[in-house]
Participant: 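One structure coming up, written as structure tokens, with questions to follow.
Computed from a predicted model, the values in this text were never measured in an experiment. Naming: A, B, ... by sequence-line order, numbering from 1 per chain. Worth knowing before you read on, the calculation uses all heavy atoms, side chains too, and leaves out hydrogens, waters and symmetry mates.
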Amino acid sequence: MKTIEVKKPSGYFTQIGPAHPALKEPVMFNLDVEGERIIKADFAPGMSHRGIEWMGLRRNCIQVIYLAERICGICGITHSISFVRAVEQIAQIQVPVRAHYIRSIVGELERIHSHLLWAGVAAHELGFDSAFYLAWRVRENVMDLVEYLTGNRVHYAMIQIGGVRRDITREQFPRIEESMKFFDNAYDQLARVFLDDTTVQMRCRDCGVLTYEEARQLCPVGPTARASGIKKDVRVDHPYAGYADLDIEYMTPDRLTGEVRGDVYDRIVVRLLEVKQSIALVRQLLEQMPDGPLLAIPKPAVLLAKLKGAAGEAVGRHEAPRGEVMHYVRLEAGKDEPVSWKVKASSYSNYLSWIPMMEGEQIADIPIIAASIDPCISCTDRVALVQDGNRRVLTKAELHRLSVEKTRRIQASLSAR
Amino acid sequence: MSVNEILLAAGGALIMAFFSMVGGLWFAGIDRVLAARMQARIGPPVRQPFLDIAKLMIKQNVVPANAIPWLFNGAPVVALASAVTILLYIPMAGIPGLPILQGHGDLVLIMYLLILPALAMVAGGLAAGSPYATIGAQREMVTMIAYELPLAATIIAFAWKFASLGIEHPFSLATVAAQPVWTLVGPVGFMGLLLLLVTMLLVVPGELGRIPFDAPEAETEIAGGLLVEYSGRNLALFTLSLAVKTIVVTSLIVGLFFPWNLTDILAVACCATTAAMINLAFFILKLLVVMFFSVTLVRISVARFRINQVVDVYWKILGVLALLGMFLVMADALF
Amino acid sequence: MSTMIMRHLPALLIATPLFAAFLMPLVGAAGRWVRTAWVFLGAALTATVGLLLAWQVFTTGPVLYVFGAGDPTQTLPGDAAFPIRIMFAVDALSALMIVIASCSSLAITLYSLNAEARQSGLETFYAMLFLLVTGVLGMVATGDLFNFFVFLEISSLAGAALVAYRIDEGVAVEAGLKYALLSTVGALAVLIAIGILFAQYNALNIAALASRLQFTVLDKVALVLLVVPLAMKCGAVPMHFWTPDSYTTAPSSVTAFLVVSSQASLYGLFRILYTLYGSLLSWATFGWFLIILGVLSMFIGVTMAIPQKDVKRLMAYHAVSQTGYMLLGVGVGLAVLGNRAALEEFGKTAMAGGLFHIFNHAMYKGLLFLTAGAVFYRTGTRNLNKLGGLGHTMPWTMVFFMIGALAIAGVPPFNGFASKLLIYESVFRFSPFLAVVAMVVSILTLASFVKVFHSMFLGARRAEYAAAREVPAAMWVGMALLAVVVMAAGLVPRPFIDHLITPAVNALCDRAGYIATIFGG
Amino acid sequence: MTFPIVPDLLSSLFKKPNTNPFPAPQLPPTVTGLLDEVNQGKAELNPPVPAPERLRGKMTYNRETCIGCNLCIKVCPAHAIEAIPAVKKVRFYVSQCIQCGQCTEICPKQCLALSGEFLNASHDRYDRSLIVER
Amino acid sequence: MKLSQTLGKSLWAFLFNSGSCNGCEIETVATVTPRYDLERFGIKVVGSPRHADILLISGPVTRKMAPRLRRVYEQMPDPKIVLCIGACGTSGGAFYDSYTLVGPVDQVVPVDMYVPGCPPRPEAIIDGVVKILARLEAAEKSA
Amino acid sequence: MKLLTPQEIADTLQAAAGAGFISARCTEWAEGAKGRKSRQVWLHITREALLPTLRRLADIHYPHVSVIAHADTGAQVDLMYHFYIYWGIPREEILVTLTISLDKSDLRTPTITGIIPGALTSEREKQEMLGIEVVDIPDGRRLFLPEDFPEGVYPWRKDETGIPPDMVKELWATGRDSLQLDDTPPAPTPEPPTA
Ligand code: SF4
Ligand code: SF4
Ligand code: SF4
Ligand code: SF4
Ligand code: SF4
Ligand code: SF4
Ligand code: SF4
Ligand code: SF4
């Protein structure tokens with residue numbers, strides 16, 4: 001059928017910043033396409049570069065927690081856990097075990113909500129809105145639970161250096177168990193809708209493949225890596241928080257399908273399996289949670305004083321829904337604010353995998369492939385075929401010049417306002 | 001045609017245009033409400049499409065700099081006008097005087113007229129000069145090619161059946177209405193017709209650019225595709241033309257496959273006006289049922305196809321099904 | 001006077017363009033305006049004569065004309081010795097072809113007045129163009145096989161010269177040579193066939209031959225030698241390979257007329273199958289032969305066309321594809337020629353569709369080539385990848401192109417739809433699958449032209465074509481003329497079918513009638 | 001070919017929708033008219049999804065007990081608190097507050113709390129209702 | 001022109017993320033899902049600014065996104081409405097000072113309604129929309 | 001595969017770094033009730049020793065590169081290359097950090113993408129954010145910063161090439177200065193309820 005498609009002359013240059021009514025961090029794709037096929041893919045992130053690390057060097061450690069939380073609104077707890085773990089190691093603060101468990105519980109609830117959110121977005125990218133609505137309808141349950149436990153649906157503000165700020169009390173357990181029951185059922189339904197549907201399979205099987213070898217070299221993390229058969233999961237590899245006491249398994253697609261293909265479908269499989277895994281983990285954590293205090297240093301003012309005296313460097317990590325997040329922190333004595341703070345978000349590690357995934361696929365696959373690593377893209381720049389009529393391939397230098405000019409022009413007009 | 005006839009036809013066409021737009025929007029509203037309900041939502045009020053059109057009419061009508069204005073603005077008008085025109089050829093519920101252009105066109109003409117609204121959208125999309133719209137227009141063209149095969153096979157199969165029985169005007173819808181095709185075939189032909197029915201039900205979403213065949217408009221891929229640059233009145237006209245087209249294709253299916261009238265089935269005897277009213281109501285009900293199964297239910301229960309999959313589905317699956325159906329209808333004569 | 005003219009119309013039909021051609025070098029020396037006036041006059045007169053003759057045929061029946069006889073309408077003396085005189089036998093089919101050639105030649109000549117004005121050597125150009133017209137008119141008007149060969153040669157040589165006319169382009173010369181070579185080889189085959197027939201039956205007159213033919217082995221050889229070159233000349237797959245080259249390199253006005261000349265070959269093909277061999281043939285076999293040629297041409301033509309980057313090359317492949325429709329329609333007619341019921345029920349409709357398509361194709365394809373020429377005239381390129389945004393500056397050309405494109409794609413209410421409708425609605429009775437193929441090819445054609453339309457006319461204005469303007473008046477008129485015919489034949493096809501096509505169909509079926517006309521029976 | 005969502009869709013047709021009809025199931029003929037009626041007690045709005053006890057909404061501030069120690073300002077990650085040195089009090093900008101609640105924890109006098117009020121939209125981000133001073 | 005009569009009953013929304021943390025973006029998307037279902041008010045999320053009546057902006061407007069935000073706003077046909085969702089778009093929120101932010105949103109495009117919160121609950125966003133409708137009606141009455 | 005202890009790894013890498021070795025330390029950190037420990041190896045080496053050491057590390061187990069962290073220490077910029085080895089073996093993963101210090105007069109470092117292609121993102125970021133030249137980097141374009149971001153300004157540097165104060169926009173201040181607030185304003189008018 002290829003021959004009678006109405007083809008565009010080959011080699012025209014397209015920029016896609018998917019204008020999604022759906023989510024996430026703006027990213028722009030630069031593509032060479034022939035007809036509907038992608039010859040070469042490149043991307044330009046940084047649309048939402050807010051200079052968070054730089055801001056962090058101007059705030060004290062407690063303020064940085066909330067800044068870290070707002071690196072990403074999907075995992076409201078990931079970055080704060082990572083950051084405080086680094087600080088705790090530097091200041092040698094021993095966190096109460098109960099606090100570790102609470103951190104892990106919230107972390108797993110977050111994984112459930114994030115994976116459901118992702119499933120919905122992926123379905124929406126496929127034009128499968130009923131599945132999107134279904135996933136998000138189910139997700140509201142965990143959102144309610146999280147709000148009930150933390151007081152906010154997104155940025156939980158649960159984490160404090162040296163522990164957690166709010167308890168999960170015995171009275172709250174039944175409500176949690178009720179949700180877990182709900183998700184047991186919901187999982188079956190979601191798995192059927194997402195894994196058995198013919199059209200989903202048509203769109204996702206063997207689309208956007210990342211092989212094991214590519215994955216090893218490009219170092220993606222989380223479900224993106226695991227769907228390609230890379231067994232990597234901070235919760236398993238690296239004993240921390242409540243997870244240190246559990247025996248957790250790597251979730252790879254072969255557990256369900258018996259094979260690893262590394263395609264979009266496998267990424268769906270991995271995430272669904274992880275939802276199920278998270279339900280079990282929450283139950284285990286609740287069961288094993290010891291009593292005890294919540295904070296090593298209950299008074300924030302005292303904590304600030306102690307941190308002022310701490311010095312050294314450390315790395316804090318957490319397995320976010322999208323994979324490993326890691327914060328490198330360096331403190332110096334006598335300073336309220338960190339002297340160095342490097343954030344590595346999960347998508348940061350996963351971006352590069354887009355290139356092998358996209359090349360050779362079709363324009364129509366861009367949204368689902370882009371979404372399959374669960375980045376945070378939401379692009380509002382619309383496809384702009386570059387310049388007069390779409391047939392010129394611009395060189396990189398030209399493109400750069402053009403964009404500089406354009407940005408300047410617009411900014412001039414902005415400042416003139 | 002005499003002058004009188006022409007005037008009558010013109011008046012009839014205007015009335016038809018009005019009712020088809022109102023009906024089309026009402027259908028669109030029902031479609032949205034049903035879809036919402038199935039997705040466990042309350043959904044908009046049924047009159048929402050009317051409100052949308054009213055809103056679009058007061059909005060600014062932007063013509064992009066790269067567009068060729070008369071083509072860009074003309075395309076929506078052509079789309080709507082041609083969609084309405086098709087209706088003038090389709091008989092409805094055996095109501096006397098309908099279709100207005102009875103005897104002037106037949107199935108093949110309708111099939112080709114069906115191209116026009118889509119073609120107007122393609123022209124408008126291309127005229128917009130925007131890359132998304134261009135991709136969308138190309139995809140629309142490919143989709144049109146794709147569903148043409150099953151559509152053509154179905155129509156030819158019908159005509160063949162009638163012609164082989166020596167019935168005059170095998171391509172006329174009036175012929176089908178007079179003799180429901182199901183009554184003319186044996187079991188083998190019946191199977192064939194079932195296949196053709198399934199095919200046609202799935203040609204509908206393609207004709208209307210609905211999921212899973214909405215690659216030309218795919219919102220998450222190309223942000224509305226064809227229509228990306230349209231706004232205001234032009235967008236309203238395109239929306240209307242799609243609404244009218246919904247009536248057109250569902251009427252076509254009803255006309256081909258379910259031409260029975262309620263009065264005939266129940267053999268009620270009543271005055272002509274009452275009969276017409278009853279039949280019209282029944283006809284609308286049939287349209288709604290067809291729309292529910294071929295548009296609403298389909299569009300919310302599957303994922304969108306890639307454009308090459310659209311072609312594969314229409315040619316390799318539905319095309320083969322339709323040809324098989326045609327073959328069975330032909331083979332039926334041997335038994 | 002007027003009766004005099006009416007009596008000698010067939011002679012004038014050839015004489016007018018021939019005269020215009022021969023005096024061209026002389027007139028050309030008299031300056032540009034005189035030359036232009038002469039060309040215009042020649043074209044207008046030729047067209048008038050052609051249309052008058054056709055009118056005469058349609059109103060009063062076939063016209064027979066014998067050059068050199070005391071009474072030019074006198075028929076052959078009984079079964080006298082072989083006729084040496086040139087004899088024209090213009091029946092309704094020929095008349096249809098004459099109408100086509102007249103209309104196109106007028107529009108095209110008008111168009112070329114502006115389009116070619118910038119070239120040198122115009123005298124030769126116009127002389128050749130008139131010769132081409134002469135050849136084509138002769139081919140369709142003659143009732144004599146040898147004359148047919150002669151006119152075929154005339155049109156071929158003039159055609160070759162015109163293809164190679166832009167000598168500055170190396171490819172043009174090559175294409176011209178190719179065209180000449182193929183035509184010559186083809187013509188040679190025709191000549192041999194004629195020789196074979198003459199040797200056996202001592203006759204060259206089609207009617208005479210038809211009445212005497214025994215269908216010996218040699219006759220069969222002759223049949224092949226006639227059919228193959230003519231199929232090639234009309235551009236049917238698998239002998240279509242020459243079309244893209246010649247159609248592309250020739251100046252657009254010439255290309256538009258080459259289409260007509262190809263159709264004259266098609267006419268020859270039909271004449272030979274229906275009239276010359278007629279009842280001797282196994283109709284089903286030859287019908288299927290035409291049908292298969294047709295379906296192949298349709299499908300292969302369109303699939304080859306879609307990826308083309310050169311507008312005219314693309315259009316050339318579409319010409320191949322459209323020829324397929326004509327072959328299909330007429331082929332179905334031929335296949336059921338022996339079955340009177342089927343013939344009446346759908347065979348004649350199919351033939352009408354095929355013949356009507358010949359007419360329509362000449363009009364819209366001519367129009368399309370002219371618009372391509374107009375674009376080339378203003379931009380200097382035919383490359384679709386380089387063109388764009390011309391809709392802003394050449395709106396009329398764009399409209400004409402749209403009309404042509406919608407017509408070739410068979411979109412109602414343009415003329416392509418009218419003839420295709422006849423084909424669809426009859427062919428399906430013969431074999432439903434053929435109708436489905438025909439419909440699908442039609443939509444593919446549409447897709448291809450939408451793409452071309454977009455590439456040439458839409459999109460942002462381009463800096464390199466900022467100077468492009470609408471075409472000059474004569475070109476405009478030439479295109480408008482064809483566009484009007486295209487619209488008219490689409491909006492009200494009935495009169496065209498009733499008065500032009502149906503008589504032609506009847507003439508084609510009525511072999512005995514043709515023979516009788518000539519023998520005055 | 002399987003379409004596992006279809007049974008769910010069809011059965012939903014006969015179930016109550018999942019939607020919480022806040023503030024009204026669909027748009028009233030006029031919004032202002034409805035609000036007027038609500039004010040006059042003639043109509044009622046549907047409530048939002050019940051907010052949990054811990055919900056962190058709009059700031060409340062007890063100006064009387066505040067001692068102006070400015071500790072809240074030191075930890076506020078959003079620059080939402082402004083000192084009023086003249087009276088040794090503070091002022092909160094609700095449109096800037098990110099509801100982290102850190103200030104309420106550090107405040108030595110417990111004069112701060114986050115209420116459950118969260119419907120704070122306004123056309124002016126410095127609307128008086130969005131500046132908490134007492 | 002009966003603005004609110006027609007405009008307010010069929011607001012088509014375009015979502016724009018100007019560099020938010022996604023929190024607000026997600027809560028905005030949540031408003032179209034079954035629990036909240038904005039479509040019952042005739043609000044539909046569209047993929048092209050040309051079709052949009054209301055722009056839902058989240059994020060503090062990064063340097064890279066500012067020109068794009070401006071362009072999207074300009075592409076929207078009149079009349080148009082802007083809703084700014086979340087603390088960081090309203091006033092910077094947690095990102096109150098930076099070298100790469102040019103916000104808040106009202107420094108780039110005019111804003112008609114702010115929804116504070118980090119992020120606001122979906123109902124708070126609905127509340128913002130309803131308040132806009134009320135204002136539209138009020139404006140129409142006074143006109 | 002025989003798993004090396006952190007100390008053995010440190011020793012092996014020290015040998016690989018040879019003269020480029022500066023210092024090494026191994027740390028542990030336990031969380032949870034069972035006191036299971038996570039382990040880290042920190043190695044300070046010179047720039048020249050980076051590639052040989054990394055190659056040796058890759059021989060032990062193909063490392064997953066996490067990120068290249070940084071710190072501006074005044075006269076120097078420290079780069080911390082964070083790698084994990086023994087990933088995929090429950091609880092055995094070890095974080096290996098190779099620190100190099102670059103003088104501000106000579107901010108150059110070799111690319112490690114030849115060994116681990118996945119480090120590209122981080123290296124591009126170091127170029128634009130710190131003004132470090134990554135020698136032989138396969139793709140040296142900017143990543144996060146806008147195209148029109150001024151040349152020679154590096155956000156993560158704390159010296160004169162860092163962000164100049166006039167580039168910093170105080171978003172919170174927008175419009176606040178124009179507020180007419182006296183210090184004891186009247187009680188806020190209650191918002192008419194919409195809901
Ligand atoms: S994490 Fe990176 S991209 Fe995000 S704000 Fe910080 S420097 Fe920018
Ligand atoms: S990037 Fe990852 S860790 Fe950060 S917020 Fe998003 S999902 Fe969470
Ligand atoms: S990649 Fe992660 S941290 Fe970065 S913007 Fe996306 S969600 Fe936020
Ligand atoms: S709640 Fe947080 S953001 Fe709000 S004022 Fe208090 S410290 Fe600041
Ligand atoms: S911390 Fe409490 S007492 Fe101190 S200034 Fe803030 S509100 Fe007042
Ligand atoms: S004792 Fe507490 S309230 Fe008093 S000044 Fe110190 S920190 Fe502030
Ligand atoms: S203003 Fe708030 S909701 Fe809107 S984008 Fe910014 S942070 Fe997100
Ligand atoms: S207001 Fe808060 S939740 Fe919303 S985008 Fe900004 S930081 Fe994220």
Side-chain angles (χ1 to χ4, degrees), chain B residues 64-72 82 85 105-113 115-116 119 122-123 125-131 133-134 137-138 140-142 144-157 159-161 163-164 166 169-171 315 319 322-323 326-327 329-330, chain C residues 302 306 341 345-346 388-395 398-399 402 405-406 409-414 416-418 420-462:
Chain B
N66 281 345
I68 293 171
W70 66 264
L71 192 58
F72 185 80
S82 52
T85 310
D106 57 16
L107 276 172
V108 179
L109 180 73
I110 291 174
M111 179 178 148
Y112 275 84
L113 283 175
I115 293 178
L116 280 180
L119 193 61
V122 169
L126 291 174
S130 132
T134 307
Q138 287 165 3
E140 174 73 39
M141 221 35 252
V142 174
M144 275 162 74
I145 296 173
Y147 63 66
E148 201 70 6
L149 174 64
L151 185 63
T154 308
I155 286 177
I156 294 291
W160 190 90
K161 184 73 220 168
S164 71
H169 305 305
F171 277 97
W315 281 54
L323 289 177
M326 181 165 112
F327 181 76
V329 169
M330 289 169 71
Chain C
V302 79
I306 286 173
E345 205 185 320
F346 61 86
L390 292 175
H392 297 280
T393 44
M394 303 176 72
M398 172 163 111
V399 171
M402 272 170 89
L406 292 172
V411 173
F414 297 92
F417 177 71
K420 284 184 184 175
L421 185 69
L422 291 176
I423 296 178
Y424 303 145
E425 298 202 352
S426 50
V427 165
F428 88 102
R429 296 297 317 281
F430 186 69
S431 160
F433 294 96
L434 292 178
V436 174
V437 172
M439 286 176 163
V440 170
V441 167
S442 180
I443 192 93
L444 291 177
T445 310
L446 179 63
S448 171
F449 274 92
V450 165
K451 178 188 134 187
V452 176
F453 179 58
H454 173 227
S455 304
M456 289 208 297
F457 295 105
L458 300 182
R461 286 163 197 269
R462 298 207 162 193

Participant: What is the distance from atom OH of Tyr112(B) to atom CG of Leu446(C), rounded to the nearest 0.5 Å?
Facilitator: 9.0 Å
Participant: Between Trp70(B) and Met398(C), is any pair of side-chain heavy atoms under 4.5 Å apart?
Facilitator: yes
Participant: Sort Phe417(C) into side chain, backbone, both or neither according to what part of it lies under 4.5 angstrom from a heavy atom of chain B.
Facilitator: side chain
Participant: Any heavy-atom pair between the side chains of Leu323(B) and Phe433(C) that's under 4.5 Å?
Facilitator: yes
Participant: Which pair of heavy atoms, one from Val436(C) and one from Ala153(B), lies closest together, and at what distance?
Facilitator: CG2-CA, 3.8 Å
Participant: Are Phe453(C) and Val122(B) packed together at the side-chain level, in the sense that at least one heavy-atom pair is separated by less than 4.5 angstrom?
Facilitator: no
Participant: Could you look at Met326(B) and say if it's the side chain, the backbone, both or neither that has a heavy atom under 4.5 Å from chain C?
Facilitator: side chain
Participant: At a 4.5 Å cut-off on heavy atoms, which part of Leu151(B) comes close to chain C: side chain, backbone, both, or neither?
Facilitator: neither
Participant: For Ile155(B), which atoms come within 4.5 Å of any heavy atom of chain C: side chain, backbone, both, or neither?
Facilitator: neither
Participant: Tell me, for Val441(C) versus chain B, whether the close heavy atoms (under 4.5 Å) come from the side chain, the backbone, both or neither.
Facilitator: neither
Participant: Find the one option among Met402(C), Lys420(C), Met439(C) whose heavy-atom pairs under 4.5 Å with chain B are most numerous.
Facilitator: Met439(C)
Participant: Does any heavy atom of chain C fall under 4.5 Å from the side chain of Ile115(B), the backbone, both, or neither of them?
Facilitator: side chain
Participant: Taking all heavy atoms of Pro412(C) and all of Leu109(B), pick out the closest pair and write down the distance.
Facilitator: CB-CD1, 3.9 Å
Participant: Go through Leu406(C), Val411(C), Ile443(C) and name the one with the most non-hydrogen pairs under 4.5 angstrom from chain B.
Facilitator: Ile443(C)
